[in-house]
Amino acid sequence: MVLNPVISKLAGKLVVLASASPRRREILTNVGLRFEVVPSWFKETLDKSLFGSPQDYAVETAKQKALEVAKRMPFKHLKTPDIVIGADTVVTVDGLILEKPVDKQDAYRMLSRLNGKEHSVFTGVAIILCKNIEYNAVDFYEETRVKFADLSEEMLWEYIHSGEPMDKAGGYGIQALGGMLVEYVHGDFLNVVGFPLNHFCKQLNKIFNGSAGTLAVPVDRTSRTADGGPDRPSRREGTTEAAQASGRAERTQIAAEPERRAGGSTAFPHRIAHLLDGFKASKALFAASALKVFDLLDAGHGLTAVQVAEKIAASVVGVERLLDAAVSLGLLEKVQRGEVAVYRNTEEASRYLISTSDLSLHGYIVHSNDVLWPLFTHLEHGVREGSSQHERAFGKQPQDLFQDAYYSSEERKLRFLDAMHSISKVTAGDVATAFDLSGFRTACDVGGCTGAMAYEFAKAYPGMSITVFDLPAVIELNHHFQPHDQDCSRVTFVAGDFFKDDLPKADLYILARILHDWSDDKVHILLRKLSEACSPGGAVLVSEILLEEGRRGPRRALLQALSMTPGSQRSGSEYCLLLKAHGFSQVHVRHTGNFLDAVLGNTGFRESSSATLETS
Ligand SMILES: C[S@@+](CC[C@H](N)C(=O)[O-])C[C@H]1O[C@@H](n2cnc3c(N)ncnc32)[C@H](O)[C@@H]1O
């Protein structure tokens with residue numbers, strides 16, 4: 001018997017659930033809905049940065065999943081559904097969207113972020129009403145707040161080893177073992193499981209008891225890009241202040257008025273508009289960092305624009321504009337305090353943008369402004385000539401980028417080392433634990449710079465000693481970057497040139513952000529040298545941003561490649577081939593989800609040859 005009169009409205013219609021999730025299937029089956037399951041082939045590759053909020057992203061993904069099925073069925077299944085339901089669940093914490101973990105390390109990263117904190121779970125739902133080949137969409141989302149208890153490392157790993165996190169947004173399933181991690185839930189529990197049933201029924205009620213025409217929005221059949229890119233994100237309305245304050249369900253999102261769409265005047269080149277503003281956003285971040293705005297706003301209570309202007313001896317009007325722009329970019333928060341507005345850092349800004357914070361990216365931001373920006377202003381020439389634009393940007397073409405450019409003065413050298421150190425600090429933990437390297441007793445970080453990576457390896461592997469090998473100009477400054485909160489006795493520094501000098505003996509050689517800097521012949525020279533230095537059972541760990549196969553992403557790698565000569569970016573399989581050519585017969589690739597990925601080449605069993613590629 002069907003208890004829900006709304007669900008009964010669907011009797012006799014061909015309803016399709018465009019999701020392979022057994023949890024969604026169970027929720028809908030339990031209320032008596034009859035439907036077919038046709039999992040969507042839509043690849044969840046929408047660019048998150050193009051969406052104003054995680055919920056917009058989830059809704060758009062849900063819509064694209066459902067549309068793909070609605071459009072495929074008449075041809076592949078030879079039947080036209082009446083209704084296709086799509087859903088997408090994301091977990092957000094600290095301004096980050098967490099989807100499904102790609103491996104155990106990824107699950108660990110996600111669960112550690114959630115540990116002891118409150119986070120949001122958003123499920124975007126799209127109901128596509130199909131009539132022949134016309135599609136009308138109703139979409140909405142639901143938010144539930146979930147708080148994780150303070151969990152020990154042991155508990156997190158036990159949960160990860162249960163295997164449960166792997167196919168779940170955020171790396172946990174609240175309906176099973178993951179329920180043990182949760183302290184409280186504010187909102188719809190089923191939303192966390194993967195489908196906001198109550199909100200869905202309300203929408204069905206509106207569609208079938210109200211007027212579907214006023215709710216559903218025609219889906220523009222021409223606007224979807226061939227690679228599964230987004231339709232323009234629909235304009236959303238109906239979010240009342242009260243609903244926002246309640247933090248949940250009544251924020252039904254109904255897309256833009258049909259009249260406006262019917263006129264065709266709403267076409268908006270979202271992606272291009274975003275790119276047009278890209279450099280302004282980068283420059284706003286650079287200026288705010290250079291002016292130490294984030295450092296000033298470190299104190300929790302916040303400052304007014306006038307106070308900030310006074311402290312940095314700048315104009316009030318200029319500062320106010322910069323602060324407001326930073327708010328719009330999600331770097332600052334603006335809160336009204338009586339008559340005045342005060343600005344304060346977001347959690348992300350506190351963690352990454354304050355120059356003295358442990359994970360500060362300040363060094364790399366300064367490098368981006370002072371070195372990369374001038375290079376990129378000559379990009380057109382770079383493309384025409386296929387060569388480095390150092391001479392145009394800085395007046396001189398270096399023979400050796402490091403010795404002749406980055407280290408040509410103490411000031412430049414410190415700026416470069418700061419930049420390397422900052423990225424390395426953020427990514428080193430994930431690189432160190434991308435593989436279990438506990439079997440290696442000694443490691444040498446070749447071109448290991450300030451030692452940031454080495455210190456993380458020492459932390460992750462108490463039985464490992466690491467030698468940092470780099471040019472004398474770098475090694476002489478290692479004390480500047482030594483951490484104060486860690487025993488550093490297992491990290492030592494050796495000065496030398498990796499092309500000319502012998503490398504320190506080690507079981508494991510680390511090459512982080514080294515190979516991409518050099519021409520192919522130099523890469524071969526270096527790998528040959530490492531292969532010869534490796535004893536049987538030894539290994540090399542290459543850490544770079546890995547290109548996707550077919551060189552279609554990730555964007556960060558492809559954009560960085562624009563200013564790279566003579567070096568280049570490579571994919572996981574290209575690194576596999578390179579390492580195998582140098583006798584590392586077992587090669588494994590890991591995407592860390594951080595700035596750098598990892599490729600491990602092992603000499604262990606030279607008779608066999610294998611490779612694994614993981615995709616993110
Ligand atoms: C792009 S940085 C990467 C630094 C570090 N591995 C990281 O990921 O943060 C390249 C490093 O290689 C070092 N390097 C460049 N040429 C070198 C050479 N011939 N011998 C030794 N080190 C060199 C540089 O000094 C610099 O520290």
Side-chain angles (χ1 to χ4, degrees), residues 359-361 363-364 367-368 371-372 375 388 398-410 412-432 434 443-457 466-478 480-481 483 491 493-504 506 508-519 521-530 533 540-546 556-557 560-561 563-570 592 594-599:
L359 294 180
S360 177
L361 288 170
Y364 196 73
H367 173 75
S368 300
V371 179
L372 302 181
L375 283 175
S388 156
Q399 286 295 312
D400 180 304
L401 189 61
F402 295 94
Q403 324 235 36
D404 306 336
Y406 292 151
Y407 306 154
S408 59
S409 75
E410 280 306 292
R412 285 185 194 145
K413 182 165 68 175
L414 263 177
R415 184 179 61 197
F416 180 76
L417 298 189
D418 262 339
M420 294 303 105
H421 191 75
S422 63
I423 294 282
S424 206
K425 285 278 288 179
V426 172
T427 199
D430 283 340
V431 172
C444 172
D445 190 0
V446 181
C449 206
T450 63
M453 188 73 80
Y455 294 123
E456 260 338 291
F457 272 70
I466 306 108
T467 309
V468 177
F469 183 85
D470 210 301
L471 295 166
V474 176
I475 295 297
E476 70 186 19
L477 288 181
N478 75 69
H480 269 285
F481 298 92
V491 176
F493 289 81
V494 172
D497 182 323
F498 51 51
F499 289 119
K500 297 184 184 143
D501 300 318
D502 286 341
L503 297 172
L508 173 72
Y509 287 97
I510 303 162
L511 283 172
R513 288 189 285 177
I514 302 298
L515 297 183
H516 76 243
D517 275 331
W518 302 98
S519 59
D521 53 336
K522 292 230 165 158
V523 166
H524 284 297
I525 290 173
L526 199 48
L527 286 178
R528 195 172 310 129
K529 198 161 178 174
L530 287 188
V540 60
L541 182 77
V542 173
S543 184
E544 298 279 356
I545 319 175
L546 297 180
R556 227 164 15 87
Q560 193 186 59
S563 67
M564 259 184 180
T565 43
S568 55
Q569 306 280 31
R570 296 181 176 82
T592 68
N594 206 316
F595 281 111
L596 299 176
D597 302 308
V599 183

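First listed ligand is number 1; within each ligand, the first listed atom is number 1. Position 1 is the first residue of the sequence; numbering continues from there.
Near Ser424, meaning under 4.0 Å from any of its heavy atoms, are these atoms of ligand 1: 9 (O). Residue Trp518 approaches ligand 1 through these ligand atoms, each under 4.0 Å from one of its heavy atoms: 16 (N). For ligand 1 and Phe402, the ligand atoms under 4.0 Å from any heavy atom of the residue are 10 (C), 15 (C), 16 (N), 24 (C), 26 (C). Close approach of ligand 1 to Val474 (heavy-atom distance below 4.0 Å) involves ligand atoms 25 (O).
Contact of the Phe595 side chain with the Ile545 side chain is not registered, since no non-hydrogen atoms from C-beta on lie closer than 4.5 Å. Looking at Asp445 and Phe457, their side chains never come closer than 4.5 Å, going by heavy atoms from C-beta outward. In this structure the side chain of Leu511 reaches within 4.5 angstrom of the side chain of Leu530, judged on heavy atoms. Residues Arg513 and Ile423 have side chains in contact (heavy-atom distance under 4.5 Å, counting atoms from C-beta outward).
Looking at atom 12 (O) of ligand 1, its nearest protein heavy atom turns out to be Ile514 CD1, 3.4 Å. The closest protein non-hydrogen atom to atom 27 (O) of ligand 1 is Asp470 OD2, 2.7 Å. Of the protein's non-hydrogen atoms, Phe498 N, 2.8 Å is the one closest to atom 20 (N) of ligand 1. At the top of the distance list for atom 5 (C) of ligand 1, counting protein heavy atoms only, stands Gly447 O, 3.3 Å.
Comparing Ile423, Asp517, Asp497 by heavy-atom distance to atom 19 (N) of ligand 1, the nearest is Asp497. Residue nearest to atom 9 (O) of ligand 1, selected from Arg513, Glu544, His421: Arg513 (by heavy-atom distance). The option from Phe499, Tyr407, Tyr406 that lies nearest to atom 24 (C) of ligand 1, judged by heavy atoms, is Tyr407. Between atom 2 (S) of ligand 1 and the options Met420, Gln403, Lys522, the minimum heavy-atom separation is to Met420. Distances from atom 3 (C) of ligand 1 to the heavy atoms of Cys449, Ala428, Ala512, Gly567 show the closest one on Ala512.
Judged by the shortest distance from any of its heavy atoms, Gly496 lies inside the 4.0 Å radius around the atoms of ligand 1. Between Phe595 and ligand 1 there is no heavy-atom distance shorter than 4.0 Å.
In this structure, Lys413 forms no cation-pi arrangement with Tyr406, as its terminal cationic atom is not both closer than 6.0 Å to the ring centre and no more than 45° off the ring axis.
In this structure, a donor-acceptor pair under 3.5 Å is present between the side chains of Gln569 and Gln560.
Remark: the backbone N or O of Ala428 is not paired with any side-chain donor or acceptor of Ser424 at under 3.5 angstrom. Of the possible donor and acceptor atoms, one in the side chain of Ser543 sits under 3.5 Å from a partner among the backbone N and O of Asp597.
The ring of Phe416 has its center closer than 6.0 angstrom to the ring center of Phe402.
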